[in-house]
> 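One structure coming up, written as C-alpha cells, with questions to follow.
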Amino acid sequence: MTLFAARPTARSIPVSAVTTADFKSWLRKQPKGTQAWLKGLEFRPDVGKVALVPARDGSLSRVVLGLGRGADLWAFAVLRERVPPKGRYHYEGLPPEHADAAALAWALASYRFIRYRGTPPEKHAPTLAWPDGCDKAMVQRTYDGIALGRDLINTPANDLGPAELADAVKALATRHEAEFSMIVGDALLDANYPTIHAVGRAASQPPCLCDLRWGDASAPKLTLVGKGVCFDSGGLDLKNSAGMRLMKKDMGGAASVLALAHMIMDAKLPLRLRVLVPAVENAVSATAYRPGDILRTRKGITVEVGNTDAEGRLILCDALAEAVSEGPDLLVDFATLTGAARVALGTELPALFANDDAFADQILDAGRRRQDPLWRMPLHRDYRRHLDSKIADINNISSVSQGGAITAALFLQEFVPAGQRWAHVDTMAWNGGARPGRPSGGEIFGVRAFYDAICATLLG
C-alpha cells in the first residue's frame with residue numbers, strides 16, 4: 001500500500017486542518033463559495049468533523065478537518081477514513097510542528113489486516129503528500145514497527161506458534177544485520193531455563209528462547225524482554241471459552257518489544273540492544289505442568305505453581321534472570337500479564353511499574369507528549385507477603401484477589417537485582433473497538449513513549 005506521495009501535484013486536493021480558536025479567522029480568508037458551503041452545513045471544527053467542499057463542477061475542491069482545541073494525533077487520523085478513495089491530498093497551511101503528527105496519523109489509519117480476507121487490498125487507496133517539515137524517516141519507522149506488531153498479534157495461533165514467532169524475531173534480526181540465536185525444546189533444560197520449558201512443554205511446538213543482539217558492544221546497554229505466549233489455554237487450570245477467545249494476543253508483549261526494537265535499529269541509535277523473547281504455547285496434555293508443582297527457576301528461586309494460568313510471569317522470570325546477567329544500563333519488559341491491570345486502568349492505558357523514578361517520569365512525560373499514555377502503578381512491597389509459599393520461596397499467584405497487577409509485578413521484581421534500572425509494562429495489546437487510527441484487533445501501546453524516554457535516558 002502506498003501511503004504517501006513525494007509532493008503535491010496540480011491534481012491533489014488541499015486539506016485545511018483548523019482548530020476551534022482559528023476557525024473564524026481562517027474562514028474569513030476563504031472564497032465566498034467555501035464560506036457559504038460551510039455555513040450551510042453549520043460546520044464546526046470539532047474533533048472528528050470533516051467537510052468536503054465541492055467546486056462549481058461538483059468535483060471536490062477542498063477538505064476541511066476539524067481539530068477541536070488542539071492538534072491531537074488522533075484528530076488527524078480521522079482524515080484517512082473520511083476522504084474519498086482514489087484521491088490525492090495535501091495539507092495546506094499546516095504548521096511544521098504538526099507535520100509529524102499529521103503524517104503518522106495518516107499512516108496508522110491506513111493499516112489493514114487482510115491476510116485472511118477474500119477481498120484484495122485497496123486498489124485505489126487515497127494518498128497524502130508528505131507534509132512540509134515532516135520527519136519522514138521517523139514516521140515510516142514508527143508505522144513499520146507498529147504495523148509489524150499489529151500483524152503478529154492479529155495472526156491466529158494456528159499460523160503463529162512459538163516457531164513462527166521465532167521466525168519473526170529472526171527476520172527482524174536479518175533485516176537489521178543483528179545477531180540471532182535461539183534455544184529450543186529440551187535444550188532449554190540443558191541451558192538452565194527450566195520455567196520456560198515447563199510452561200511450553202505440553203504443546204505440539206516446543207518452547208524456545210529467542211535472543212537478538214545488535215549494536216556496538218561498548219555503547220549503553222538496553223535489554224528488552226517480551227512475553228511470547230502464542231496461545232494461552234490456561235493450562236490445566238483451563239480458561240473458559242470467553243477467557244480463551246482472545247488468547248492469540250498473549251504474545252502482545254513480544255510484539256511490542258519487536259516494534260520498539262525495529263524503531264531503535266532503523267534509527268541506528270548508538271545503543272547495544274538485546275531482545276529476549278521466550279516463546280511458548282500454554283497447552284494441555286499429559287506432559288503439562290500442574291498446580292502444586294515446584295519449579296526451580298534459572299535464578300535458583302523455587303516457585304510453587306498456584307495456578308497454571310499465571311504462566312507469563314514464569315517464562316519471564318527466566319528471561320529476566322538472563323537479561324540482568326549482563327548488567328544492562330536499562331531493562332524493560334512488556335507483557336500481557338494480568339486482567340487486574342485492565343480492571344484498574346481499562347484496556348487502552350498500560351500499567352507502568354518502574355524502580356527508577358527519573359526513568360518513570362521520562363516515560364510518562366513522553367506518553368503525554370506523543371499521545372501514547374501509560375499510568376504508573378506502585379511496586380508496593382507490603383503486598384509481597386501475598387506471594388508467600390509454605391513449601392517454596394514464592395508462589396506464582398497471590399493469596400488474595402485484590403491488587404493482582406501489583407503482585408504480578410512484585411513477582412517479576414524478585415528476579416531483578418537491587419540497583420538494576422527496570423521498567424515493566426502490563427498491556428492489553430488489543431483494541432476492543434475501532435477508532436480513527438486504532439482499528440479493532442492487535443495494538444501496540446506505549447512503544448512510542450518508550451522510544452523517546454530511552455533516547456532521553458540513555459542518550460541524553
> When you check the side-chain N and O atoms of Asp132 and Tyr91, is any donor under 3.5 Å from an acceptor?
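The criterion, which ignores hydrogens and geometry beyond distance, is not satisfied for Tyr91 and Asp132.
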> Inspect the surroundings of CD in Glu97 and state if more than 12 heavy atoms from other residues, nucleotides or ligands are less than 6.0 Å away.
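Correct, the count exceeds 12.
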> Measuring only between side-chain heavy atoms, which start at C-beta, is Val50 closer than 4.5 Å to Val64?
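Not touching, per the 4.5 Å side-chain cut-off.
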> Quick one, Trp375 with Leu352, criterion side chain to side chain contact (heavy atoms under 4.5 Å, CB included). Give me CA distance, side-chain angles, the key distance, then yes/no.
CA-CA 6 Å; Trp375 194 267; Leu352 169 67; over 6 Å; no
> Roughly how far apart are Lys248 NZ and Phe231 CZ, rounded to 0.5 Å?
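Taking NZ in Lys248 and CZ in Phe231, the distance rounds to 10.5 Å.
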> Between Thr19 and Asp22, is any side-chain donor less than 3.5 angstrom from a side-chain acceptor?
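Thr19 vs Asp22: donor-acceptor pair found between side chains.
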> Would you call Glu348-Arg435 a salt bridge at under 4.0 Å N-O?
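Between Arg435 and Glu348 there is a salt bridge, with a charged N closer than 4.0 Å to a carboxylate O.
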> Show me the donor-acceptor pairs within less than 3.5 Å that the side chains of residues 260-270 make with the rest of the protein, sequence neighbours left out.
{"unit_1": "His262", "atom_1": "ND1", "unit_2": "His176", "atom_2": "NE2", "d": "3.0"}
{"unit_1": "Asp266", "atom_1": "OD2", "unit_2": "Arg141", "atom_2": "NE", "d": "3.0"}

> Enter the distance from Cys455:SG to Phe450:CZ here, rounded to the nearest 0.5 Å.
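So the SG of Cys455 and the CZ of Phe450 are separated by 13.0 Å.
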> Show your reasoning for whether salt bridge (charged side-chain N to carboxylate O under 4.0 Å, His left out) applies to Glu443 and Arg150.
CA-CA 5 Å; Glu443 188 57 284; Arg150 287 174 173 178; 3.0 Å; yes
> May I ask you to decide if Ala310's main-chain N or O and Asn396's side chain share a donor-acceptor pair within less than 3.5 Å?
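Side chain of Asn396 to backbone of Ala310, a donor-acceptor pair under 3.5 Å: yes, one is there.
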> For Val447 versus Ala259, what's the shortest heavy-atom pair and its separation?
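Minimum heavy-atom contact is CG1-C, 4.4 Å.
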> So, does Asp426 use its side chain to make a donor-acceptor pair with the main chain of Leu337 at under 3.5 Å?
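Such a contact is found between Asp426 side chain and Leu337 backbone.
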> Please confirm whether the backbone N or O of Pro8 pairs with a side-chain atom of Ser12, one donor and one acceptor, at under 3.5 Å?
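Judged by distance alone, no pair lies under 3.5 Å.
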> If I compare all heavy atoms of Leu67 with all of Ala75, which pair ends up nearest, and what's the gap?
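Distance-wise, the nearest heavy atoms are CD2-CB, 4.0 Å.
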> Check whether any side-chain N or O of Arg376 sits under 3.5 Å from a backbone N or O of Ala354 as a donor-acceptor pair, and report yes or no.
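Present.
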> Ala254 and Val277: which non-hydrogen atoms are nearest, and at how many Å?
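Looks like CB-CG1, 3.7 Å.
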> To the nearest 0.5 Å, how far apart are CG in Asp211 and OG1 in Thr223?
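Separation between the atoms: 9.0 Å.
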> Show the nearest heavy-atom pair for residues Thr195 and Thr297, with the distance to one decimal.
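Between these two residues, the closest heavy atoms are CG2-CG2, 3.7 Å.
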> Give a yes or no on whether a salt bridge exists between Asp365 and Arg368, defined as a side-chain N under 4.0 angstrom from a carboxylate O.
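Between Arg368 and Asp365 there is a salt bridge, with a charged N closer than 4.0 Å to a carboxylate O.
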> So does Arg274 pair up with Glu326, basic N to acidic O under 4.0 Å?
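Looking at Arg274 and Glu326, the cut-off is met.
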> For the backbone of Gly446 and the side chain of Asp372, can you confirm whether one donor and one acceptor N or O come within less than 3.5 Å of each other?
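Looks like yes, one N/O pair under 3.5 Å.
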> Output yes when a side-chain donor or acceptor of Thr336 lies under 3.5 Å from a complementary backbone atom of Asp250, and no otherwise.
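Yes, the answer is positive, given that a donor and an acceptor are paired below the 3.5 Å cut-off.
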> Let's go through Thr127 and Leu3 carefully: what are the C-alpha distance in whole Å and the side-chain angles of both, what is the deciding distance for side chain to side chain contact (heavy atoms under 4.5 Å, CB included) to 0.1 Å, and is it a yes or a no?
CA-CA 5 Å; Thr127 58; Leu3 302 177; over 6 Å; no
> Could you list the donor-acceptor pairs under 3.5 angstrom formed by side chains in residues 401-422, with sequence neighbours left out?
{"unit_1": "Thr407", "atom_1": "OG1", "unit_2": "Gly403", "atom_2": "O", "d": "3.4"}
{"unit_1": "Thr407", "atom_1": "OG1", "unit_2": "Gly404", "atom_2": "O", "d": "3.2"}
{"unit_1": "Gln413", "atom_1": "OE1", "unit_2": "Arg381", "atom_2": "NH1", "d": "3.1"}
{"unit_1": "Glu414", "atom_1": "OE2", "unit_2": "Arg381", "atom_2": "NH2", "d": "3.4"}
{"unit_1": "Glu414", "atom_1": "OE2", "unit_2": "Arg384", "atom_2": "NE", "d": "3.0"}
{"unit_1": "Gln420", "atom_1": "NE2", "unit_2": "Pro328", "atom_2": "O", "d": "3.0"}
{"unit_1": "Arg421", "atom_1": "NE", "unit_2": "Asp329", "atom_2": "O", "d": "3.2"}
{"unit_1": "Arg421", "atom_1": "NH2", "unit_2": "Asp329", "atom_2": "O", "d": "3.3"}
{"unit_1": "Trp422", "atom_1": "NE1", "unit_2": "Asp333", "atom_2": "OD2", "d": "2.9"}

> Enter the distance from Lys227:NZ to Thr427:OG1 here, rounded to the nearest 0.5 Å.
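Result: 11.0 Å between the selected atoms.
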> Counting only N and O atoms by type, is there a donor-acceptor contact under 3.5 Å from the side chain of Arg448 to the main-chain atoms of Arg370?
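Yes; at least one donor-acceptor contact below 3.5 Å.
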> Say you draw a straight line from SG of Cys317 to CD1 of Ile196; how long is it, rounded to the nearest 0.5 Å?
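Between atom SG of Cys317 and atom CD1 of Ile196 there are 8.0 Å.
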> Identify the residue among Leu330, Asp216, Leu222 that makes a side chain to side chain contact (heavy atoms under 4.5 Å, CB included) with Leu271.
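The residue from Leu330, Asp216, Leu222 that satisfies side chain to side chain contact (heavy atoms under 4.5 Å, CB included) with Leu271 turns out to be Leu222.
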> Of all heavy-atom pairs between Ala217 and Arg272, which one has the smallest distance, and what is that distance?
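Heavy atoms only, the tightest pair is CA-CD, 3.9 Å.
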> In Å and rounded to the nearest 0.5 Å, what is the CD to CG distance from Glu164 to Asp167?
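That separation rounds to 6.5 Å.
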> Kindly determine whether Asp309 and Glu311 satisfy side chain to side chain contact (heavy atoms under 4.5 Å, CB included), including the steps that lead there.
CA-CA 5 Å; Asp309 197 20; Glu311 83 298 330; 3.8 Å; yes
> Strictly distance-based, threshold 3.5 Å: is any side-chain N or O of Lys170 a donor or acceptor partner for the main-chain N or O of Phe180?
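Absent.
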> If you look at every heavy atom in Arg80 and Ala109, which pair is closest and at what distance?
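Heavy-atom minimum between the residues: CB-CB, 3.6 Å.
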> Begin from the C-alpha positions of Thr347 and Phe445 and carry the test side chain to side chain contact (heavy atoms under 4.5 Å, CB included) through to its verdict.
CA-CA 10 Å; Thr347 60; Phe445 294 108; over 6 Å; no
> Do Gln371 side-chain atoms and Arg369 backbone N/O form a donor-acceptor pair below 3.5 Å?
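Present.
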> Any donor-acceptor pair under 3.5 Å linking the side chain of Trp130 with the backbone of Phe4?
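Flag not set: sc Trp130 to bb Phe4 has no pair under 3.5 Å.
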> Does this structure show an ion pair linking Asp318 with Lys299, if we count only N-O contacts that are shorter than 4.0 Å?
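Salt bridge between Asp318 and Lys299, a charged N being under 4.0 Å from a carboxylate O: no.
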